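This report concerns only the one structure given below.
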Amino acid sequence: MSHPANEPILGFAPGSEERIALYAELDKQMSEVIEIPCIINGEAVYTGTTTTQVIPHKHGHVLANVHLASRTEMEAACEAAVNAQQTWIEIGLEARCEIFERCADLLAGDWRMRVNASTMLNQSKTAFQAEIDAACELIDFWRFNCHYARGFHDDLQPLVSPSGVQNSTEIRPLEGFVLSITPFNFSSIAANLPSAPAVVGCTGIWKPSRNSYLSNYILMQLMMEAGLPAGVINFVPGSGAEITEVCLDNPNFAGLHFTGSTRVFQGLWQEIGLALPNLNSYPRIVGETGGKDFVVAHPDCDRQGLLVALLRGSFEYQGQKCSAASRAYIPHSVWEAISADLVSEIEKIKMGDARDFTNFMTAVIDQRAFDKISGYIDRAAARDCCEIIVGGGHDDSVGYFIEPTIIVTSNPTSETMVEEIFGPVLTVFVYEDNKFDEVLTLCDTASPYALTGSIFSSNEENIQKAFNALRFTAGNFYINDKPTGAVVAQQPFGGARASGTNDKAGGPLNLLRWISPRSVKRTFDTPQTWDYSFMQPDHD
Ligand code: NAD
């Protein structure tokens with residue numbers, strides 16, 4: 001079966017058609033304040049209890065008023081999902097795939113700039129970061145998920161059907177509804193979490209992040225335009241804690257599809273455990289969570305390649321990627337050679353409004369993130385073991401801006417070397433050139449996370465040594481490349497340890513979590529007698 005191709009990334013070069021269209025869409029979205037409803041059973045519900053969405057790099061600018069769900073809407077959403085399931089199953093895989101492939105086509109075409117512009121404004125992404133996330137990655141998720149789901153129907157069929165018998169496997173979805181709780185930082189992940197289970201026949205609730213309501217709502221509208229039937233995905237802005245409570249009170253809760261922080265996911269898992277006696281099924285729990293992603297360099301590495309990987313890997317999208325490089329182990333000789341250049345390149349980074357395409361960075365997502373990240377920087381500045389060699393400044397007067405920051409530490413387990421900061425902060429531990437083996441052990445044991453990581457070396461033996469020593473330290477492992485930028489169908493994404501259940505979004509394994517197959521045996525020669533040959537008496 002031939003497979004889809006990854007969606008090509010538009011370049012947005014000066015004067016290009018796409019750049020002109022994107023400017024126009026940005027201006028349009030900045031000139032209006034829209035009302036965002038809940039969408040329950042295909043209907044817009046304006047609750048009157050609202051919150052605003054602002055532009056993180058210009059937080060005085062309101063983009064939308066969002067109508068938040070109360071318990072009543074949350075309960076209605078659960079009921080709508082349950083009621084929609086039978087029909088959604090019965091239209092069959094092919095019809096479901098046609099809808100999601102239509103979603104991909106709409107996003108690749110007329111909806112592309114609308115979705116990109118909303119991601120730039122709502123989540124403060126540059127044009128390029130919005131394009132690779134909200135357009136390309138989501139188009140890929142939708143197309144490849146359909147491709148993988150079609151594959152199950154053949155691959156999961158029983159190998160043997162003896163004469164007179166026909167064996168088959170029905171690829172049923174989970175019985176009940178799936179709750180998808182989504183993060184702010186990727187529009188693609190936000191839409192993929194509810195739609196991946198839907199491809200295989202699940203229905204559910206989509207609880208978007210409070211920091212990405214605008215882009216997520218536009219994606220919900222896109223799915224409806226593509227023909228998603230009422231009730232299959234119910235869009236419910238509101239309190240995550242309350243939605244979880246309502247869903248767990250409902251015996252039809254069948255699964256959680258989560259991406260976000262480790263702390264929240266651990267709490268949700270515990271709550272599900274407590275609710276178990278009230279539920280009809282054992283729910284599936286899939287969660288992709290935090291990271292403390294590393295770069296380990298060997299003295300024999302490509303130094304310029306390392307410099308570029310550190311800069312892009314740490315500071316693109318202000319370090320707000322679960323895969324962002326945030327700790328680096330660099331040998332003394334290499335650090336001597338690159339640190340001055342690295343600092344001078346970082347000083348060239350322009351930071352500001354996403355509409356100004358010369359900016360490489362914009363703002364972090366909100367006041368809470370700003371306070372948390374600047375707290376890490378300020379505490380490091382006060383520690384004897386840490387030195388801030390570039391950046392460190394922060395200013396939230398217009399937008400939530402934090403300078404790209406590098407901390408050099410002499411303590412490999414200091415706070416910023418082991419905890420997830422989720423901002424533009426890289427901490428570097430400089431090691432003696434002959435301590436590569438020790439540094440691999442340190443990298444493996446220093447942090448509870450195990451999401452992504454890179455090894456830089458030009459020698460195969462050293463690469464293999466790191467590959468083996470860091471087997472369980474990252475679910476996505478890069479050799480001579482930055483630890484970010486996984487592509488659907490190329491590097492299925494996810495990590496283990498405190499980083500998640502490693503169910504690999506962007507690959508077939510994730511979809512398998514949302515099915516509960518039924519094995520069917522059909523006999524054409526139904527036995528007409530009940531006794532067996534062994535029961536005959538022995539001959540004398
Ligand atoms: P977050 O944990 O703050 O929020 C994620 C979602 O959980 C949001 O929708 C939020 O409203 C909801 N939530 C928060 N508290 C809740 C509660 N008590 N009950 C129910 N729901 C609740 O994360 P975020 O700030 O949106 O995203 C950043 C985090 O996500 C980082 O830790 C990052 O590493 C992680 N992330 C991981 C991956 C991955 O694939 N591993 C991808 C993207 C982001």
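Positions are given from 1, in the same order as the sequence printed here. Whatever order the structure lists ligands and atoms in, that order sets their numbers, starting from 1. Because the structure is predicted, anything quoted here is derived from the model rather than measured.
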Minimum heavy-atom distance between P183 and A190, given as atom pair plus value: O-CB, 4.3 Å

Ligand 1 contact by F258, heavy-atom criterion under 4.0 angstrom: yes

Closest protein heavy atom (residue, atom, distance) for atom 26 (O) of ligand 1: F184 N, 3.2 Å

Plane angle bin for Y217 and F235 - parallel if under 30°, tilted between 30 and 60°, otherwise perpendicular: tilted

Which segment of Q320 sits under 4.0 Å of ligand 1 when only heavy atoms are counted: neither

Pairwise side-chain contact, N192 with N145, heavy-atom cut-off 4.5 Å (strictly under): yes

Heavy-atom check, side chain of I285 versus side chain of F265, under 4.5 Å: yes

Non-hydrogen protein atom less than 4.0 angstrom from atom 36 (N) of ligand 1: yes

Under 3.5 Å: N/O of R368 near N/O of ligand 1: no

Ligand 1 contacted by F186 (non-hydrogen, < 4.0 Å): no

Inter-residue atom distance Q123.CD - Q53.CD, 0.5 Å rounding: 8.5 Å

Under 4.0 Å to a heavy atom of A241 - the qualifying atoms of ligand 1, by number: 17 (C), 19 (N), 20 (C)

Heavy-atom nearest neighbour in the protein, as seen from atom 22 (C) of ligand 1, with distance rounded to 0.1 Å: V264 CG1, 3.6 Å

Whether K207 lies under 4.0 Å from ligand 1, heavy atom: yes

Qualifying residue, where the test is side-chain contact (heavy atoms from CB on, under 4.5 Å) with V286 and the options are N502, L193, D503: D503

For the student: nearest non-hydrogen atoms of M361 and P424, plus distance: CE-CB, 3.7 Å

Option set E420, E288, R210, criterion heavy-atom distance to atom 32 (O) of ligand 1, minimum: E420

Residue pair T119 / S215: nearest heavy atoms and the distance that separates them: OG1-CB, 3.7 Å

Parallel, tilted or perpendicular, as decided by the 30° and 60° cut-offs, for the rings of W514 and H257: tilted

Numbering as shown, the atoms of ligand 1 that approach I181 to under 4.0 Å (heavy-atom distance): 6 (C), 7 (O), 9 (O), 12 (C), 20 (C), 21 (N)

Contact atoms of ligand 1, heavy-atom distance to F493 under 4.0 Å: 39 (C), 40 (O)

Nearest protein heavy atom with distance in Å, relative to atom 38 (C) of ligand 1: C322 SG, 3.1 Å

Taking atom 21 (N) of ligand 1 as the reference point, the nearest protein heavy atom with its distance: G240 CA, 3.5 Å

Identity and separation of the nearest protein heavy atom to atom 4 (O) of ligand 1: G260 CA, 4.6 Å

Lys NZ or Arg CZ of R379 over Y376 ring: under 6.0 Å, within 45°: yes

Nearest protein heavy atom with distance in Å, relative to atom 41 (N) of ligand 1: T289 O, 2.8 Å

Residue part near ligand 1, for N211, under 4.0 Å between non-hydrogen atoms: neither

For P183, the ligand 1 atoms whose distance to one of its heavy atoms is below 4.0 Å: 26 (O), 27 (O)

Atom indices of ligand 1, in the order listed, that fall short of 4.0 Å to a heavy atom of N185: 43 (C), 44 (C)

Closest approach of P283 to I272 (non-hydrogen atoms, all atoms of both residues): CG-CG2, 3.5 Å

Identity and distance of the protein heavy atom lying nearest atom 3 (O) of ligand 1: S261 OG, 4.2 Å

Residue from Q320, Q318, K321 passing side-chain contact (heavy atoms from CB on, under 4.5 Å) with Q129: K321

Atoms of ligand 1, numbered as shown, that sit under 4.0 Å from any heavy atom of L268: 19 (N), 20 (C)

Atoms in ligand 1 flagged as close to L451, the criterion being non-hydrogen separation under 4.0 Å: 41 (N)

Six-ring centre of F186, K125 cation under 6.0 angstrom, axis tolerance 45°: yes

N or O contact, T182 vs ligand 1, cut-off under 3.5 Å: yes

Nearest protein heavy atom with distance in Å, relative to atom 28 (C) of ligand 1: F422 CE2, 3.5 Å

Atom indices of ligand 1 within 4.0 angstrom of T244 heavy atoms, with elements: 19 (N), 20 (C)

Closest approach of I349 to P404 (non-hydrogen atoms, all atoms of both residues): CD1-CG, 4.2 Å

Pairwise side-chain contact, L248 with E271, heavy-atom cut-off 4.5 Å (strictly under): yes

